[in-house]
Every structure is written in structure tokens, then in C-alpha cells.
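Within every chain, numbering begins at 1; the chains are lettered A, B, ... in the order of the sequence lines, protein sequences first and strands thereafter. Computed from a predicted structure; not experimentally measured.
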Amino acid sequence: MVKITLPDGSVREYPVGTTAMNVAESISQGLARQVLAAKINGELKEAATPLNHDAAVQLLTWQDADGKSAFWHSSAHVLAEAVQALYPHALFTIGPAVEQGFYYDIDFGDSAPGADDLTRIEEKMMEFARQANTFSLYPISKADALDYYRKRNNPYKVELIENLADGEITFCDQGSFTDLCRGGHIPDTGYIKAVKLLNLAGAYWRGNEKNKQLVRIYGVSFPKQSMLKEHLELLEEAKKRDHRKLGQELGLFAFSQRVGKGLPLWLPKGAALRERLEQFMRTAQRKAGYQPVITPHIGSKALYETSGHWDKYGADSFQPIETPEEGELFMLKPMNCPHHCEIYKAEPRSYRDLPLRLAEFGTVYRYEQSGELHGLTRVRGFTQDDAHIFCRPDQVKNEFVKVIDLVLYVFKSLNFSDYRAQVSLRSKEDRSKYIGSDENWEKAESAIVEAAAERGLTTVVEYGEAAFYGPKLDFMVKDALGRSWQLGTIQVDYNLPERFELEYTGQDNQKHRPVMIHRAPFGSMERFVAVLTEHCGGNFPLWLSPEQVVVLPISDKFLDYAEKVADLLNNSDIRTLVDRRTESIGRKIRDNEMRKLPFMLIVGEKEEAEEKVSVREHGKGDLGSMNTQEFKQLIHEEISRQLNH
RNA sequence: GCCACCCUAGCUCAGCUGGUAGAGCAACGCAUUCGUAAUGCGUAGGCCGAGGGUUCGAGUCCCUUGGGUGGCUCCA
């Protein structure tokens, strides 16, 4: 007998050679029908794997991330089988499950499919799925495995096998298809009831640009047809929140071919939104002891040679600007730090002056690869809510705590509760590439970890993700389509103080090198507005909304009263307009609802006579009538509720 | 940059296998003066992203080019 421990801690006994599926059946037939795979001692395995020793077993269904993963990974096998049937010369490489489905990277040689061929492949997949072929995993010797793929002229699988140890290699068969695979499949292909191949993409073998480019086919699959339908509807829904769509609809920003790709144009409403955010940050920073500075948009090439950016990024950036003076070269600034270093150097500094916090909404230009550009989240010209803190090594932790507070204040004010904080530290093994003393790194790294813990941040620590010049703490937020974007960032820098030979006079009357902290709570105004737009689906918080109130006269007869109300509100700093169009009231309400205007004031005969307004809130409907004083108070209360938490 | 796809009126989109461009919304004009999500009628609006080619004829086919979209280390 073997003892099987289930996730709830219960232990059951079964005959040797029993399977996870048998365990499921012993619990209930209903469960057994749902089991897709199992985790045996933490490893994802087939539910049919015989259990010959005591083991911890977790039964996986569609509800488990790993269950989905087994399902999608198995679907990748079926995709390969279908491709093999239609393109006999295709060479398979890897086909894993991903967060939202699966893909397979395939070398098609000269006969790559186009997007139109995906339907054909889908149909073939469903044909194999209906055959309900079992996935059977079996061990194979390294020699036999190599032989198998050498005969098929598949250098990719050969390379993969060469890196595996003999004795731990397994193949998996299903129907007419055999694949090198470590396992973790659903029982048979019949579980797959719906498949959708989403797109084709180029992907380099092993992700390296120097290697051959393969064709990657992305897809999703489901155990029920209705689930696919829901999934596709969800994707459609997400598209409605896309900041590029909303940005156009709400008149926030635009792009122009003639201006150049990746260079956003902020329209009046977008500019109003952005300025309000900047104002918000300025106030918060002033309270936190930052001093605003202003620096030019260009800097001499020598500045970036000093900073090291020319060597590292020069070739891939906007190229230097020439002047009538022979040999004189300027760069569009790709970052504000070198300028701020020069501000630090503008006067001698004492330990008493530190920390020195220099803040600037600095516009920078970076020549991102054209394929990387994406709406407002990845652009070639953007404005950072940048600041550099120059401090003593013993002040790093405290400064970190203060910056974390600022970032959390921003997130809270804008209702971002679903973010991820990542601490990036040095790699544990190779520490040769990092600049700065070991001692300082130790100090800074523990300062970050402690500061994050002190502020109750749940962080993910990534070793080896630190920049060569210092460790960092990043805040990531997901967009409407589930893609992760980095917003706030806090980075320690030992490099620039060194290169610019920054110093301060210590208490001991000796020269010391300050530590520099880069930080941008928004990240960039562009990216932040993009993520914020998606986050609130275009319904910005009242205090940020470019237009807060619109007055709708029932008919032209009440235009004068409407104007009077609007003037009154505008004089109280409530951004108000009047819908002067000669349209029905129903029409005006509809249009302003669609423009996502937070409040509508409907005024007609009744209101004018009683000196009142009928209030309608976006998405909520009629709130009844009140006088303008009461309405002003309602607005001001709402705004202070949003900002003072 | 690379792979796939897309580009037709301000916006959203039709336009079959090539026969010389169409709708809705928006805009403008006229009428309507309206009570909580679309008043009616009319007018105007397009070098079908750009350039080249094939053809008697190209929005439609081919090539080049611009812009956009998705993807480009979530390991057998």
C-alpha cells in the first residue's frame, strides 16, 4: 500500500501502482470527471501516473492554474499534431502553456502559413481532439531520443536533448504525434472542446535575435465551447477600455505621421488632465521637501560621455544635433539625471545640505525600436515626474521610506489597489558587473528591503535584476489586456556620483561621495495617463476630470439661466460648461453621458423659478434638485473625499 | 529592427471572383423649443495611407514605402 497525502492534510491508503485518477474516483465520480492532471510531490504530472511510493498528491481541475496549464500545454501538442499533418516538413521546437493559452514555435522552412491558414489548422486540431487520443508519456534513452530527432533533421530538439541528462528524458505520444516532453498532460485530447488560434508571430529560437526566426502560433483552448465564447467576449470588453480607443473618443491625445511615430500630441482635454496630475504631484513633492528645478531639453554630447550614456546607448538613440560651429554636438536629453548632477555640482555641498531633492517634470527623448511603440505606454518623447535625491549613505533607508510613502499616496489617490512591487537586487553569484563598493550595496539592498517591509509592502524579490549601478524598487500595474507596465520606480545609483565626481564635505571635514536616488512615482506622464485611463475606463475621478459639470438647458429659453449657473460654478473653481445646442433634452443627456461627464445639471422652467438645478450623476442617474450652494458643496465634498484619505 | 495582419469620409465600417465609391454617426443648413440615454428633413464631405507595376480597366492583383495592431526567453 502507498500513503497518499491530499492538500487538506488527510492521508489515504491505496494499493501500489494506483493513479491520481484512481484517487479522484475514490473521492467522487464528479471530481474524477473534472480532473485534468495532478501534482505529485509538487511536480505537474499526468493523472494516469502510477503511484509506487508514498506521495503528496494534488488533483488539478480547470479551477487550478496548473490544471489550465496542463490543458493548454496538451493543446500545444494537438496544435503540433495538426501542423504536422498539414505541413509535413515543419520542424517543432518548443510549445509551452502561457498565462492565457499556449503557443508553439515552429520552423516552417519556406512554406510558412499565413493568418488565413489558422482556421484550417484549428479545424485539423478539432479533428484530432475529437479522436480522444490518450497522452502517453514514456522514458527514452538519450541516444534513442537524439537518433529520433536526427533522423527528422530537427536541430532544435537535438539541441534541447543534448542539454538533458540521460535517464530523465521522456517522450509523449498522442495519436500520430510524438514529442519530447517532460509531462503534465490531460488524460486525452477529447477534453479539448474548443480551440481558437489567435495569431502568428515571429519569435527567435531561444529568444535570441541572432538565431533563426521561427513562426510562433498562439492559441487558447477550453473544455467547453461556451467558455471560448466568454473568453472572446472578455477580450472585446477589454478593448473598450484600451487607452488608445478612449484617448481618441475622449479627445485626450493624438498621433500624427507628420510629427513622427511615438511622439504624442496632447489635446486640450488630455493636457488639462495631465496638468492636474502634475499639479497634484508638485504639491505632494513640495510637502515632501523637494525643490523644483528646470533644465534644458538638450545637453552637449560631452555631458553624456561623462555620464556614460553615450557609450551605452549612443548608437541606438536620436543622433547628435549639429550646430553651425564645426564639431559642436548636442543630444536631445534621454534622461534628466546628468543635468541634475550638474546642478548638484553648481555649489559646494555640506553634509548638512543633504538630502538634496531636485525635482523636474523633465521631457526626454529615447529612440525606442519602432516595434516597441505602443499608444502612450511606450513612446519616443515623454515627460518623467523625475527627481533625484542626493543623500548620505546612512540616509538611504529613510529616503526610501519617504518615496514609498509618496508612491503609495499617489496610488491611493487614484484608486490603484492592484499593483505589484518588485525589489531588484544583485545576482547572488556573479557580482563582478556591479559598480560601487560591496559595503554600500549591502547597505542599500537591506535599506530597500527594510523600507518596503516597514511600509507593509508585499514585494517580490528578484535577484540579478538590479541595474549595474544600483538596486531598485519598481511598481507594476496591469493594463486592460493584462499586460504589465512599470509605473513608479525608485533606484539607487552609485555610478553617476562617481562619474560626475559629486562630493560633499562631511562632519569630519573630509570629502565624501553622496548616494543618488532616482525616482518617478508616475513613471512618466504618458504611461501614467494611459494606465489610469484604462484603470478607470475613462471615468476619471472628479478632481481630475477635464470637465466636471455640464449645464443642460431644457430649451433655448433657459440658456441665460444656464449661463448664470455655469458662471457661478466656474467662479468657485468647478469646471463647468453649457450645452448650448438646440437639441432635445434627451439628446443632450445621452451625448454627455457618452462623453463621461461626471455631473449634468438640467435646468428648465421649474429650476429657474426656484433658483435650483436638477442634478444627474454620470452612470447613476437623477439625484433630484437642489440649489447651487448645495450642489457646490456636494462637488467639494466629493473632491475632498477623493483626495484626503 | 524582425514575423503576421490592418489602413476606404472627422469616427465606426460596407464594397462578391478587377468594371471606376457607399451606409450610420459626427459636421453644416432649415424646421422643431423639447423634462432625464438619439426630433425630422436636407447639404456638404473621399488622389480608397503613399509610390510604382500588371491590365483595355486597380479600392480590389503584384512590388516598394509610410503608419497602425498583436507578438518576439513565461524553456523539452
Side-chain angles (χ1 to χ4, degrees), chain A residues 69 73 76-77 92-103 105 108 112-118 145 149 154 156-164 168-172 179-184 198-209 211-218 235 239 242 244-245 248-249 251 254-262 316 367-375 481 483-484 552-559 582-595 600-607 614-625:
Chain A
S69 177
H73 171 67
H77 279 265
F92 298 95
T93 69
I94 58 167
V98 292
E99 219 174 89
Q100 290 286 347
F102 58 90
Y103 68 78
D105 279 351
F108 280 94
D116 300 338
D117 300 313
L118 292 181
Y149 280 111
N154 186 327
Y156 311 101
K157 295 284 188 190
V158 167
E159 186 182 323
L160 291 170
I161 295 165
E162 275 167 351
N163 290 317
L164 294 173
E168 59 180 40
I169 299 170
T170 47
F171 270 17
C172 180
D179 206 350
L180 168 71
C181 190
R182 72 156 65 100
L198 298 164
N199 53 44
L200 288 172
Y204 300 100
W205 169 235
R206 308 227 130 178
N208 188 334
E209 279 182 54
N211 288 339
K212 175 151 188 182
Q213 189 163 40
L214 308 166
V215 175
R216 174 171 299 184
I217 303 180
Y218 275 95
L235 286 181
K239 276 188 194 153
D242 194 308
R244 293 165 299 186
K245 183 173 156 66
Q248 184 190 51
E249 286 171 4
F255 287 91
S256 146
Q257 277 195 39
R258 250 195 288 252
V259 172
K261 56 159 82 171
D316 300 319
Y367 194 78
E368 303 289 354
Q369 285 197 56
S370 69
E372 295 276 320
L373 300 176
H374 179 92
L481 294 170
R483 289 168 297 213
S484 250
L552 313 183
I554 296 272
S555 77
D556 291 355
K557 282 185 265 179
F558 310 105
L559 245 177
T582 310
E583 287 290 351
S584 70
I585 192 66
R587 177 54 177 274
K588 289 183 192 174
I589 288 169
R590 179 186 150 83
D591 288 349
N592 287 293
E593 280 287 343
M594 299 218 296
R595 287 166 67 196
M600 287 177 228
L601 300 182
I602 292 141
V603 297
E605 198 176 347
K606 242 181 353 198
E607 288 77 10
S614 282
V615 182
R616 186 189 160 98
E617 188 173 357
H618 173 76
K620 293 196 179 141
D622 198 351
L623 299 187
S625 71

Subject >> Proximal nucleotide (of B/U33, B/U36, B/G35) relative to the A/Arg616 side chain >> reply: B/U36
Subject >> Pairwise P distance for B/G45 and B/C61, with rounding to whole Å >> reply: 29 Å
Original post:
If we take the C1' atom in both B/U69 and B/C47, what is their distance in whole Å?
Top reply: 26 Å
**OP:** Report yes if a side-chain nitrogen or oxygen of A/Lys157 is closer than 4.0 Å to either non-bridging phosphate oxygen (OP1 or OP2) of B/A76; otherwise report no.
**Re:** no
Original post:
Roughly how many Å is it from CG in A/Asp242 to P in B/G68, rounded to a whole number?
Top reply: 14 Å
Subject >> Below 4.0 Å: OP1/OP2 of B/G71 and any side-chain N or O of A/Tyr204 >> reply: no
Original post:
Looking only at atom P, what distance separates B/G59 and B/A21, rounded to whole Å?
Top reply: 8 Å
**OP:** Taking only the side-chain heavy atoms of A/Asp179 (C-beta and beyond), determine which of B/A76, B/U33, B/C72 contains the nearest atom.
**Re:** B/A76
Original post:
If the P atom of B/A23 is compared with that of B/A14, how far apart are they to the nearest Å?
Top reply: 16 Å
**OP:** Tell me which of A/Val215 and A/Phe255 sits closer to the 5' end of RNA chain B, going by the nucleotide each one is nearest to.
**Re:** A/Val215
Original post:
Taking OP1 and OP2 of B/U12, is either one under 4.0 Å from a side-chain nitrogen or oxygen of A/Gln248?
Top reply: yes
**OP:** Look at all strands and tell whether A/Ala201 reaches a base, only sugar-phosphate, or nothing, counting heavy atoms closer than 4.0 Å.
**Re:** base
**OP:** Establish, with yes or no, whether the OP1 or OP2 oxygen of B/U39 is under 4.0 angstrom from a side-chain nitrogen or oxygen of A/Ser584.
**Re:** yes
Original post:
Is the phosphate of B/U69, meaning OP1 or OP2, less than 4.0 Å from a side-chain N or O of A/Arg244?
Top reply: yes
Subject >> Under-4.0 Å side-chain N/O to phosphate OP1/OP2 contact, A/Arg206 with B/U73 >> reply: no
Original post:
What integer distance in Å separates A/Ile589:CD1 from B/A38:P?
Top reply: 9 Å
Original post:
Do other residues, nucleotides or ligands put more than 12 heavy atoms under 6.0 Å from the CZ atom of A/Phe108?
Top reply: yes
**OP:** Examine B/C74: is either OP1 or OP2 under 4.0 Å from a nitrogen or oxygen in the side chain of A/Tyr103? Give yes or no.
**Re:** yes
Subject >> Under 4.0 angstrom between A/His374 side-chain N/O and B/G70 OP1 or OP2 >> reply: yes
Original post:
Sub-3.5 Å donor-acceptor pair from the side chain of A/Asn208 to the main-chain atoms of A/Tyr204, do we have one?
Top reply: no
Original post:
Separation of A/Met600 atom CE from B/A37 atom C1', in whole Å?
Top reply: 8 Å
Subject >> Residue-phosphate contact under 4.0 Å: A/Lys588 side-chain N/O, B/A37 OP1/OP2 >> reply: no
Subject >> Side-chain donor or acceptor of A/Asn154 paired with backbone N/O of A/Phe92 under 3.5 Å >> reply: yes
Original post:
Do the charged groups of A/Lys557 and A/Glu605 touch, with an N to O distance under 4.0 Å?
Top reply: no
Subject >> A/Ser614-A/Glu607 side chain donor-acceptor pair, cut-off 3.5 Å >> reply: yes
